[in-house]
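One structure below.
We name chains A, B, ... by the order of the sequence lines, and we start the count at 1 in each one. Every heavy atom of this structure was used, including side-chain atoms; hydrogens, water molecules and symmetry mates were not.
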Amino acid sequence: MNKKIVIKTLEKIALLLELQGENPFKVSAFRKAANALELDERSLNEIEDITKLKGIGKGTAAVIHDLIETGQSSQLKELEDAVPKGLIPLLKLPGLGGKKLAKLYSELGVDSAESLKAACEAHQVQKLSGFGAKTEEKIMKELEHFGERSERLPIWYLQQIVAEVNELLNRIPEIQKFSVAGSFRRVSEMSKDIDFIVATEQPSEVKDQLLKQLVIKEVVAAGDTKVSVVLDAEDPVSVDFRLVALHEYATALHHFTGSKDHNVRMRQLAKEQGKKISEYGVEQPDGSIHTFESEEEFFAHFDLPFIPPTVRESGKELERLDELEELVSLDQIVADLHMHTTWSDGAHTVKEMGEALIQRGYTHGVITDHSQYLKVANGLTPERLQKQRIEIYEFNEAHPEFRLFAGTEMDILPNGTLDFENEVLKELDFVIASIHSSFSQPQETIMERLHTAAQNPYVHMIAHPTGRIIGQREGYNPDMPQLIKWAAEFGKILELNASPYRLDLCIEHLMMAMEWNVPIAINTDAHAIEQLDVMEIGTKYAQKAWLKKELIVNTWSLDKFETFIKKNK
DNA sequence: GCCGTTTTCGGCCCGACTGTTTTCAGTCG
């Protein structure tokens with residue numbers, strides 16, 4: 001039995017229980033069980049007693065055994081019979097959870113977006129207890145955009161899918177080389193599908209393996225050059241696999257990485273030289289087909305430097321070749337200025353995070369746990385902050401080759417004040433100010449809050465300045481041109497939060513910040529060591545905005561950084 | 001449903017927010 005299927009089954013049961021309005025703790029028990037399995041590195045066969053795993057008890061173990069023995073879960077089947085399929089996507093409507101949907105279903109027979117809409121239009125919904133006219137109105141409004149929602153999927157969601165597929169492709173011995181392509185490779189915020197280029201001499205064997213090992217909802221095409229499927233994930237994802245010969249790999253990768261406009265521009269350029277580009281190679285004036293070992297060689301064939309996928313967008317990049325060298329790349333990053341530890345809501349200790357930074361070859365970093373206001377995140381009081389500082393300085397004594405700074409991610413409170421007094425802030429090496437609450441205040445109020453932070457002499461940086469979550473929420477809608485001007489005026493850093501959930505600032509605002517010479521810090525906001533990896537996404541995203549590396553604070557040397565953070569003291 | 005124990009039942013993160021209510025349930029992060 002495939003462990004993935006077990007995990008998915010437990011998660012599906014949780015979802016359906018939720019829709020029945022079940023006890024939320026029971027629902028989360030199934031999710032926890034799924035999570036426990038996911039976190040355990042062993043395969044199902046290697047786990048002797050599954051109930052020994054924290055989070056798996058009698059009930060969930062029974063589901064798992066049922067699944068292993070019979071190949072299916074009777075509990076899931078029962079639930080699927082009891083809960084209409086059309087209700088599942090409705091859980092995504094903001095304001096509708098399991099209980100409300102359960103009520104809509106049992107009282108009004110709502111079982112799909114269509115029937116929900118009809119019930120709203122007939123003003124049936126507002127008659128239910130717990131519902132009112134406002135709720136009904138809100139549901140109707142949300143339903144308008146409902147269909148469009150899943151057409152494009154956010155990078156943070158696709159990232160997990162890509163990681164899983166990568167792992168699978170790695171395990172197929174007939175595959176010589178592979179890479180993700182398409183807009184995901186270009187680090188787009190949203191993509192409608194995922195493309196993979198696979199080099200192999202045995203396409204039909206690879207095809208069979210793919211069809212066998214992927215968790216597939218629908219097979220769209222299954223030939224020897226292209227396998228196209230819809231994966232059965234939480235949000236179904238279209239994935240195309242292009243199977244090519246090794247010598248075609250570079251041109252295929254380039255072709256399917258796009259963008260369309262970039263390819264058009266490249267083909268124009270080729271035509272001027274009497275050549276023709278296709279996914280299979282470059283046709284020379286004499287009709288012969290030229291192929292390449294790598295994309296670098298491909299570009300060199302046209303006397304071009306390597307153009308990173310991230311900037312292959314409008315075609316205009318071919319006129320900005322001299323700027324390519326100024327773009328930031330991961331190996332120039334020497335610091336991470338925003339991360340959490342077990343002192344607040346992080347998973348690893350100060351020591352563990354610090355050592356992880358050293359291992360990445362960084363020269364310095366800042367520990368920035370949450371401040372006292374954020375009680376759910378176990379935010380630090382001034383007293384705990386002081387204790388933490390001792391731990392940080394002890395770390396520095398033990399690691400003279402590296403420098404860890406003591407910082408905070410301090411909340412900008414809803415009432416416009418800061419979570420710490422200046423007395424507290426001035427003891428810290430680095431101060432981040434962030435908004436985590438009352439997103440729906442009017443812009444004017446939000447800007448007053450941000451202004452307080454921007455003009456405070458002890459604040460160094462504003463983190464995730466808009467508060468957006470890609471594809472999920474807009475954030476608190478600050479007046480960004482104004483905030484950027486303040487940052488320039490008061491000498492503050494603005495963050496490019498590298499988490500794929502955020503990528504905040506966005507490209508447009510990064511470009512604006514660059515015009516104003518505002519320094520940008522690309523930070524992971526890591527809550528665990530593994531999340532330090534998102535620095536790669538962050539630097540690639542910075543490339544998309546053509547951000548010049550001298551403006552990027554974490555390419556600065558330790559000396560330069562230290563001079564900058566001390567200048568206000 | 002799981003866990004842990006002051007060992008078989010109460011807590012599970014918990015507080016803000018919203019839209020209902022008229023003291024609170026459901027949702028959300």
Check: Think S440(A) has a side-chain N or O under 4.0 angstrom from the OP1 or OP2 of dT18(B)?
Finding: yes

Notebook entry, point to check: Across all strands shown, which nucleotide pairs with dT8(B) by Watson-Crick or G-U wobble geometry, both distances under 3.5 Å?
Noted result: none

Next item on the list: Could you tell me whether A133(A) contacts a base, only the sugar-phosphate backbone, or nothing, with contacts defined as non-hydrogen atoms closer than 4.0 Å?
Entry: sugar-phosphate

Item checked: Contact under 4.0 Å: S438(A) side-chain N or O vs dC17(B) OP1/OP2 -> yes

Notebook entry, point to check: When you compare dA16(B) with dG10(B), how far apart are their P atoms, in angstrom units rounded to a whole number?
Noted result: 27 Å

Checklist line | Rounded distance in Å between the P positions of dC17(B) and dT22(B) | finding: 23 Å

Margin query: I'd like the C1' distance from dT6(B) over to dC13(B), given in whole Å.
Written below: 23 Å

Note to self: Check this one for me: any side-chain N or O of T135(A) less than 4.0 Å away from OP1 or OP2 of dT20(B)?
What the structure shows: yes

Notebook entry, point to check: Which part of the nucleic acid, if any, lies within reach of K375(A) when heavy atoms closer than 4.0 Å are counted: base, sugar-phosphate only, or nothing?
Noted result: nothing

Check: On a whole-Å scale, what distance lies between the C1' atoms belonging to dC2(B) and dT7(B)?
Finding: 15 Å

Checklist line | Whole-Å P distance, dT20(B) and dT27(B) | finding: 13 Å

Check: If you look at every strand shown and take non-hydrogen atoms under 4.0 Å, does I469(A) touch a base, only sugar-phosphate, or nothing?
Finding: nothing

Next item on the list: Please state how far atom CZ in R31(A) lies from atom C1' in dC3(B), giving the value in whole angstrom units.
Entry: 19 Å

